[in-house]
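To start, the structure itself, in structure tokens.
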Amino acid sequence: MEEAGRLTAPVAGLDEALAAADAFDRTLVAGLLRPRPDRVQDLTELARAVAGTPLATRVAEAAEKAAAGAASEEHFVALAAARTALFGAVHDALTLGADELTGRTREERGPSAVGARPEANLLAAARSWLSDLARTGWQGIDHELAGGAAPIVSAMLPDPGLRRLATLLDGFAAELAASCPGAALDRIPARRWGDLWARALLLTRPGAADVPAVEAVTGRLLPLGVDLHEHVTAAQAQVHAVFEPADGGAPRLVRASVSVPKPDTVVEAGVWQLLRPHLSLLTALGEGRAMDLDAMPLTDEGDLLWDDARARQGDPADALATARVVLPTATALPTAPLDRHPARIAEPVFLEGYDRSQDGDTLTFTVAGQALPVDTDRIPTASPLTPEAVAASGACIALLRWDGGGFRLQPLAVETTVRRKAVALHAGAWAGGTTDKAGARAEKAATDAVTVLRERAGRLLRK
């Protein structure tokens with residue numbers, strides 16, 4: 001990270017690409033049934049942004065039809081593709097800059113394998129609902145429109161090939177329903193809803209959700225840290241790690257994830273109790289151990305399709321040592337075309353010898369004269385890692401993210417001094433259980449809550 005200044009340097013075309021995407025998002029606020037003159041200009045801006053690409057002709061036609069209030073479903077798909085392509089270009093430019101800074105190489109991959117084609121009628125129904133959203137606009141949403149996704153989601157869920165789209169539609173519809181009526185909203189999350197709308201619409205196209213190619217890998221997995229995502233009704237843990245192939249090949253950056261539904265009463269350390277039984281890697285992470293993998297499925301995008309039967313706990317492995325020694329040599333796998341979005345960027349990096357400064361609630365690490373804000377809000381409460389510990393640290397494993405127009409650091413683990421002794425603190429330290437007093441109290445409270453919920457669920461099932 002000695003050339004960290006390049007992270008803060010302007011990226012050619014980035015502001016223009018984001019401005020064109022934002023212009024289109026403005027058209028979705030009021031809707032495209034009868035677009036106003038200023039929204040017509042926004043559609044033209046989107047078409048102009050992709051004028052030099054293979055999408056040019058289709059998007060120009062779609063923008064013209066949408067400006068006249070006569071856009072069909074295929075025209076909306078073209079507009080969604082243009083918007084997605086702009087964010088993909090931003091993703092690629094930012095990722096290239098991050099790779100140049102870290103010296104990281106990225107493996108090339110061919111096209112994904114063609115999977116079974118889902119039921120066309122269900123895809124058409126989803127596309128129709130999403131097109132109705134675009135015509136109505138976010139200001140015009142009501143409970144009837146938001147509820148139109150429910151029967152489509154119910155029909156999709158039994159089909160594994162449609163579950164990805166069904167989950168997206170379900171969450172999107174629930175978010176819209178919670179915001180009804182749209183006309184009363186003081187603030188509309190235009191970019192977020194634009195992201196969800198465009199992604200869902202493209203997933204209705206046959207082949208868009210084809211599964212990536214998978215290979216069986218054998219070797220040693222060295223965890224770096226865990227990124228914990230919590231929602232009122234769901235939780236996900238994504239472990240970032242370095243995989244060392246048994247055949248002596250170059251180390252790879254990989255991920256392993258697990259997601260579970262959760263009651264809103266299970267919070268903090270209790271979340272680990274829900275996740276732990278589904279991913280033995282969390283126990284190894286909490287205990288500071290490597291894992292030995294035998295023919296574990298790995299996608300072309302770097303995601304391990306975790307199978308506990310193909311993994312066993314290995315020797316102790318210090319994450320900070322892995323970050324110092326092995327991480328700089330690890331190659332990264334490419335991102336799938338539909339996942340190319342700046343919000344997806346999460347590059348593991350190792351920093352030490354940085355200067356620290358605090359301005360109110362904003363912590364900043366200064367590396368080679370360049371300031372990188374630290375996103376302490378992303379530190380999970382279900383861990384011994386705290387903003388104060390990060391602020392006092394001398395070394396850090398973090399995810400380099402792009403948010404709010406710039407790069408930020410999300411700490412996964414730090415090395416700090418406690419009572420004159422060097423101590424490592426990890427965001428996933430309690431993932432496998434803990435004897436820490438605060439963690440043990442939180443675990444006990446969560447255990448009591450989970451036990452009560454299971455008893456109630458059991459009584460309901462018996463009835």
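All residue numbers refer to positions in the sequence shown, counting from 1.
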Paired with Arg106, the salt bridge (charged side-chain N to carboxylate O under 4.0 Å, His left out) test is passed by just one of Glu301, Glu100, Glu347, namely Glu347

Please determine whether side-chain contact (heavy atoms from CB on, under 4.5 Å) holds for the pair Val254 and Asp303, giving the CA-CA distance in whole Å, both sets of side-chain angles, and the decisive distance to 0.1 Å.
CA-CA 6 Å; Val254 298; Asp303 292 298; over 6 Å; no

message = Test your reading of the model: is there a side-chain donor-acceptor pair from Arg191 to the backbone of Asp25, 3.5 Å cut-off?
response = no

- Kindly indicate whether the side chain of Asp99, heavy atoms from C-beta on, has any atom under 4.5 Å from the side chain of Thr105. no

Within 6.0 Å of CG in Asp247, more than 12 heavy atoms from elsewhere:
yes

SB check Asp195 Arg83 (cutoff 4.0 Å): yes

Exercise. Are Phe365 and Ser357 close enough that some pair of their side-chain heavy atoms sits under 4.5 Å apart?
Worked result: no

Separation between CG (Leu351) and CD1 (Ile397), nearest 0.5 Å, reads 10.0 Å

So CG of Leu298 and CE of Met296: to nearest 0.5 Å the spacing works out to 10.0 Å

Taken to the nearest 0.5 Å, the spacing of Ser280 OG from Leu285 CG works out to 11.5 Å

Check for a donor-acceptor pair, side chain of Trp197 on one end and backbone N or O of Leu130 on the other, with a separation under 3.5 Å.
yes

Scanning both residues in full, the closest heavy-atom pair of Ala78 with Val59 reads O-CG2, 3.7 Å

In short, Gly302 meets Leu333 closest at the heavy-atom pair CA-CD1, 3.2 Å

Full working for salt bridge (Lys or Arg N to Asp or Glu O under 4.0 Å) between Arg26 and Asp42: CA-CA 7 Å; Arg26 288 193 294 269; Asp42 288 334; 3.0 Å; yes

Handout entry: Electrostatic pair Arg205-Glu74, nearest N-O below 4.0 angstrom
Key = yes

- Using the ring of each side chain (for Trp, its six-membered ring), is Phe87 parallel, tilted or perpendicular to His341, with breaks at 30° and 60°? parallel

**Prompt:** Just by distance, do the side chain of Thr329 and the backbone of Val325 share a donor-acceptor pair under 3.5 Å?
**Reply:** no

Does the distance from a Lys or Arg side-chain N to an Asp or Glu carboxylate O, for Arg192 and Glu175, drop under 4.0 Å?
yes

So Phe350 and Cys396, side-chain contact (heavy atoms from CB on, under 4.5 Å) or not? Walk me through it. CA-CA 6 Å; Phe350 176 70; Cys396 176; over 6 Å; no

What orientation do Trp138 and Phe172 show, parallel under 30°, tilted 30 to 60°, or perpendicular over 60°? perpendicular

All heavy atoms of Ala392 vs all of Thr416, minimum pair found to be O-OG1, 3.2 Å

- prompt: Should Arg324 and Glu415 count as an ion pair when the cut-off is N to O under 4.0 Å?
  reply: yes

Practice task
Salt-bridge test for Asp315 and Arg220: reply yes if a basic N is under 4.0 Å from a carboxylate O, no otherwise.
Solution key: no

Q | Pair Asp227 + Arg401: basic N to acidic O under 4.0 Å | A | yes

### Chi angles and distances behind the salt bridge (Lys or Arg N to Asp or Glu O under 4.0 Å) call for Arg164, Asp159
CA-CA 10 Å; Arg164 180 185 185 188; Asp159 184 347; over 6 Å; no

In this structure, CG of Leu168 is separated from CG of Leu165 (nearest 0.5 Å) by 6.5 Å

Item to complete: Tell me, with the steps shown, if His75 and Arg58 meet side-chain contact (heavy atoms from CB on, under 4.5 Å).
Response: CA-CA 8 Å; His75 293 131; Arg58 288 190 178 185; over 6 Å; no

(message) Test your reading of the model: is there a side-chain donor-acceptor pair from Thr386 to the backbone of Ala389, 3.5 Å cut-off?
(response) yes

Verdict with supporting geometry, Glu244 and Arg252, salt bridge (Lys or Arg N to Asp or Glu O under 4.0 Å): CA-CA 7 Å; Glu244 293 183 321; Arg252 291 171 168 177; over 6 Å; no

* Asked: Taking everything shown except Glu352 itself, do over 12 heavy atoms lie less than 6.0 Å from its CD?
  -> yes

Quick one, Leu222 and Leu327 - any side-chain contact, counting heavy atoms below 4.5 Å? no

Closest non-hydrogen contact found for Gln358 with Ala391 is OE1-CB, 4.1 Å

Rounded to the nearest 0.5 angstrom, the CG-CG distance for Leu363 and Asp375 is 10.5 Å

Distance col, row Leu196:CG vs Leu176:CG, nearest 0.5 angstrom, shows 8.5 Å

- prompt: Is there a side-chain contact between Val226 and Leu412 (heavy atoms, below 4.5 Å)?
  reply: no

Residues Leu385 and Leu425: closest non-hydrogen pair is CD1-O, 3.8 Å

Can Asp294 and Arg310 be said to form a salt bridge (Lys or Arg N to Asp or Glu O under 4.0 Å), step by step? CA-CA 5 Å; Asp294 182 18; Arg310 301 179 182 274; over 6 Å; no

Between Leu228 and Val271, does the side-chain contact (heavy atoms from CB on, under 4.5 Å) criterion hold? Intermediate values first, please. CA-CA 9 Å; Leu228 182 64; Val271 174; 4.2 Å; yes

message = A side-chain contact here means heavy atoms from C-beta on lying under 4.5 Å apart; do Pro297 and Trp306 qualify?
response = no

Are the charged groups of Asp292 and Arg312 less than 4.0 angstrom apart, N to O?
yes

Looking only at heavy atoms, the pair that brings Ala200 and Leu169 closest together is CB-CD2, 4.0 Å

| task | Begin from the C-alpha positions of Thr331 and Glu107 and carry the test side chain to side chain donor-acceptor pair (under 3.5 Å) through to its verdict. | result | CA-CA 7 Å; Thr331 62; Glu107 297 181 24; 3.0 Å; yes

- More than 12 heavy atoms from other groups under 6.0 Å of CZ on Arg408: yes

Checking Asp92, Thr335, Thr84 against Arg340 for side-chain hydrogen bond (donor to acceptor under 3.5 Å, both in side chains), the one that qualifies is Asp92

| request: Side-chain contact test, heavy atoms from C-beta onward, threshold under 4.5 Å: evaluate it for Leu281 versus Pro223 and give yes or no. | output: yes

Under the 3.5 angstrom rule, does the side chain of Asp318 hit a backbone N or O of Ala321 as a donor-acceptor pair? yes

Practice task
State, yes or no, whether a side-chain contact exists between His278 and Arg276 at a heavy-atom distance under 4.5 Å.
Solution key: no

Could you check if a side-chain atom of Leu409 sits within less than 4.5 angstrom of a side-chain atom of Pro373, using non-hydrogen atoms only? no

